[in-house]
Amino acid sequence: MSTAHLIAVGASPLGKTDLPGRDLFSRALAEAFAELPDPADVVDGVYVGAQSERYENQIMQGTLMAEWAGLRNVPAERVEACAAAGALALKNAVRDVRAGVHDAVLACGVEKMTAGGTEGATNALGAAFERALEQRSGITAPATYALLARRYLHETDATERDLGRIAVKNHRNAADNPRAMFQDAVDIETVLDAPEVAPPLKLYDCAPVTDGAAAVVVANDAVAADLRSRPDAVRVAGVGSAANNLAVAERDLTFVEGANVAASTAYDDAGVGAADVDVAEVHDAFTVCEALLAEAAEFAPQGRGIETVEDPEDRSAGWTDVRINTSGGLKARGHPIGATGLLQAVEAYEQLTGRAGQRQVADAETALLINEGGVADAHTVAHVLSAN
Amino acid sequence: MTDTDFTTTGPLAPEDITAESPFTLPGFFEALAEGRVVAARCTECETQMLPPRPACYACGSRAVTLSDQPRTGEVISYTSVNRPPSAFEHLAPITVAVVELDSSARLTGRVAASLDEVTIGDRVELRVCDPEDVGIDPGFDLSYETEWPVHVFDLV
């Protein structure tokens, strides 16, 4: 089996932009290939993560993105698992490189979420929920996660303030991330006084509607060695994924089992454990997710995931010293659905290659990425990345 | 909870899977319109599944049969959809809950009560409604869904 490396990354501006999806992709591609030859001379396959054709009335994103990269007559596929689509693109690229199917593959993701306003995004995202009983009950993404949050607050000592502090922490991290959609810190009172979207979740508990794209070049040893100096490539050490039930009603509301399986699989694949992870980007689409995923990734004891906001020395016994969502997370970096899993990889790449500027975690050598789609762990993809 | 007069036990044969069988959505909603909540019951591990399906997610067995469900249960979690999808806009805020029926089957549904009237552990009873009476935008339904009822929970 070949080893897969991330040899270059790029991202578009994140937020409400005047660029359609293909142009957002062009921005991400231009950054990723700034120091590389033409994509046609590097990669021989493309995966595109894209949540929904409802935003731009465009499917066939594999063909389109390949074409915009100057690639023709190569395998190019769109993959879909709602918000896990980006990591699914990465997973498929890594699989192809590991298996020797391709020497290098482009994994990218794109979403033009603001095209139909908040209503358009709400309706497009609604397609991720089970149709027969749940969509027909009028649920939304915030409401389904509120069902998790309500139960979490019921079963643990956590409070709405604890959830709010996760948003405060991620806004603070984003203020140090030039890529982030939100560059301003917020205080806890602002978070707690914000309008309720789906109680107990309020506006700042929810990731924003975001336009954006990201691109990552995945290559085998030979291509990586040819194009990049060793410290500028990051090794994909482990991959795992799992699908849990689609309906939220049939899930354990306070333990995201699918995410635990995906992370454990990725740890085993990489030969590491949770305690080895220095930095983690986890899918904080809603604040409660960060707590649930800290527990599912085995960073935190059950019921103590809310301590993700604390410095390692101030956390309960049983916590690791991992730093979580240094990018600002989905909450504050932004959450362009199909691109999010790759934006997580961008942050990990920057942390593991010493490019993370003011948010650099000293001596970061191992990163965990957890990207989810549907409600919570309906689909989870996990990657472990290691510095070379 | 009792097994229904549908005596089929899986693995289902292709001819078992017709629009008349509650193992399909048309059959499930036809039974619901008659006031019957029909789940798939795994004969290996007793997991109850709504709507019915041909295999058990808990143990993987296809030895599933149909099981009439009780309409009473309790609230496991709840919230209010303050900004619903456009087809449900005029119903806002919508109280929704995950309910565990007394059989252990779980499903999500609207609750006919305001948010501050609901708490975890509340007893509820499932009621079957005509979508037109609820006031969901008829444009929401796909062509094959227009006759399907919707359910709502009443506090009891």
Side-chain angles (χ1 to χ4, degrees), chain A residues 116-155 195-203 205-206 209 243-254 257-258 286 288 375 378, chain B residues 24-26 28-29 32 37 47-53 57-58 75-89 91-101 105-111 115-116 118-121 131 134-137 140-142 145 148-153:
Chain A
T118 302
E119 180 181 326
T122 298
N123 291 336
L125 288 165
F129 310 128
E130 192 276 333
R131 174 74 183 179
L133 296 178
E134 297 202 327
Q135 285 188 38
R136 297 176 84 245
S137 295
I139 62 167
T140 58
T144 56
Y145 285 90
L147 293 167
L148 305 186
R150 177 73 71 194
R151 189 74 198 180
Y152 189 84
L153 299 184
H154 177 75
E155 289 187 18
E196 290 183 316
V197 177
L201 300 181
K202 295 165 281 294
L203 184 64
D205 289 296
C206 311
V209 170
N244 199 339
N245 287 28
L246 187 57
V248 68
E250 292 182 329
R251 238 86 66 61
D252 185 331
L253 299 180
T254 55
E257 184 181 9
F286 298 87
V288 67
V375 184
Chain B
T24 68
L25 290 178
F28 168 76
F29 281 109
L32 190 65
V37 182
T47 297
Q48 305 272 355
M49 293 161 276
L50 283 170
R53 64 207 70 172
Y57 64 81
V75 171
I76 299 299
S77 192
Y78 65 97
T79 186
S80 165
V81 190
N82 291 353
R83 300 174 190 183
S86 43
F88 297 77
E89 204 159 27
L91 297 176
I94 306 171
T95 305
V96 297
V98 171
V99 169
E100 184 168 303
L101 298 178
R106 283 191 179 192
L107 73 164
T108 300
R110 291 178 301 114
V111 182
L115 184 71
D116 57 12
V118 179
T119 192
I120 288 173
V134 175
I136 299 167
D137 179 352
F140 178 78
D141 283 329
L142 302 170
E145 295 174 331
W148 292 0
V150 294
H151 65 287
V152 62
F153 293 104

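Chain A is the first sequence line, chain B the second, and so forth, proteins listed ahead of strands; every chain is numbered from 1. Just so you know, these numbers use all the heavy atoms, side chains as well, and skip hydrogens, waters and symmetry mates.
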Query - chain A interface, residue from B:Asn82, B:Val152, B:Leu91 that has the most non-hydrogen pairs under 4.5 Å - result: B:Asn82

Query raised in the report: Contact part of B:Glu100 toward chain A, heavy-atom cut-off under 4.5 Å: side chain, backbone, both or neither?
Result: neither

Requested in this report: Could you check if a side-chain atom of B:Val150 sits within less than 4.5 angstrom of a side-chain atom of A:Ser137, using non-hydrogen atoms only?
Outcome: no

Query - Considering all heavy atoms, the nearest A:Ala132-B:Leu25 contact - result: CB-CD2, 3.7 Å

Query raised in the report: So, for B:Leu115 and A:Pro199, which heavy atoms are closest and what is the spacing to 0.1 Å?
Result: CD2-CG, 3.6 Å

Report summary line: Comparing A:Thr122, A:Val197, A:Val248 against chain B, the one with the most heavy-atom pairs below 4.5 Å turns out to be A:Val197

Report task. Would you indicate whether A:Glu257, at its atom CD, is surrounded by more than 12 heavy atoms from other residues, nucleotides or ligands within a distance under 6.0 Å? Result -> no

Query raised in the report: With a 4.5 Å heavy-atom cut-off, do A:Leu133 and B:His151 have their side chains touching?
Result: yes

Requested in this report: Measure A:Glu130 against the heavy atoms of chain B and call it side chain, backbone, both or neither at under 4.5 Å.
Outcome: side chain

Report summary line: Honestly, the part of A:Ala247 sitting under 4.5 Å from a heavy atom of chain B is neither

**Report entry** Which atom of B:Pro84 lies closest to which atom of A:Thr140, heavy atoms considered
**Finding:** CA-CG2, 3.9 Å

Query raised in the report: Which region of B:Ala97, side chain (C-beta onward) or backbone (N, CA, C, O), has a non-hydrogen atom less than 4.5 Å from a non-hydrogen atom of chain A, or is it both or neither?
Result: backbone

Query raised in the report: Heavy atoms, side chains only, cut-off 4.5 Å: are B:Leu142 and A:Arg131 in contact?
Result: yes

Query raised in the report: Between B:Arg53 and A:Glu250, is the closest basic N to carboxylate O distance under 4.0 Å?
Result: yes

Requested in this report: Report yes or no: is the cationic atom of A:Arg136 (NZ for Lys, CZ for Arg) closer than 6.0 Å to the six-membered ring centre of B:Phe140, at no more than 45° off its axis?
Outcome: no

Report task. For A:Ile139 and B:Pro85, work out which heavy atoms get closest and say how close. Result -> O-CG, 3.6 Å

Query - Closest non-hydrogen atom pair, B:Val81 against A:Gly138 - result: CG1-O, 3.6 Å

Query raised in the report: Which distance, rounded to the nearest 0.5 Å, do you find between the CD1 of B:Ile76 and the NE2 of A:His154?
Result: 8.5 Å

**Report entry** B:Tyr57 portion near chain A, given a 4.5 angstrom heavy-atom threshold
**Finding:** side chain

Query - Heavy-atom pair with the smallest gap, counting every atom of B:Ser77 and A:Leu253 - result: CB-CD1, 3.8 Å

Query - Part of A:Glu196 within contact of chain B (heavy atom distance under 4.5 Å) - result: both

Query - Any side-chain heavy-atom pair of A:Arg150 and B:Ile120 under 4.5 Å - result: yes

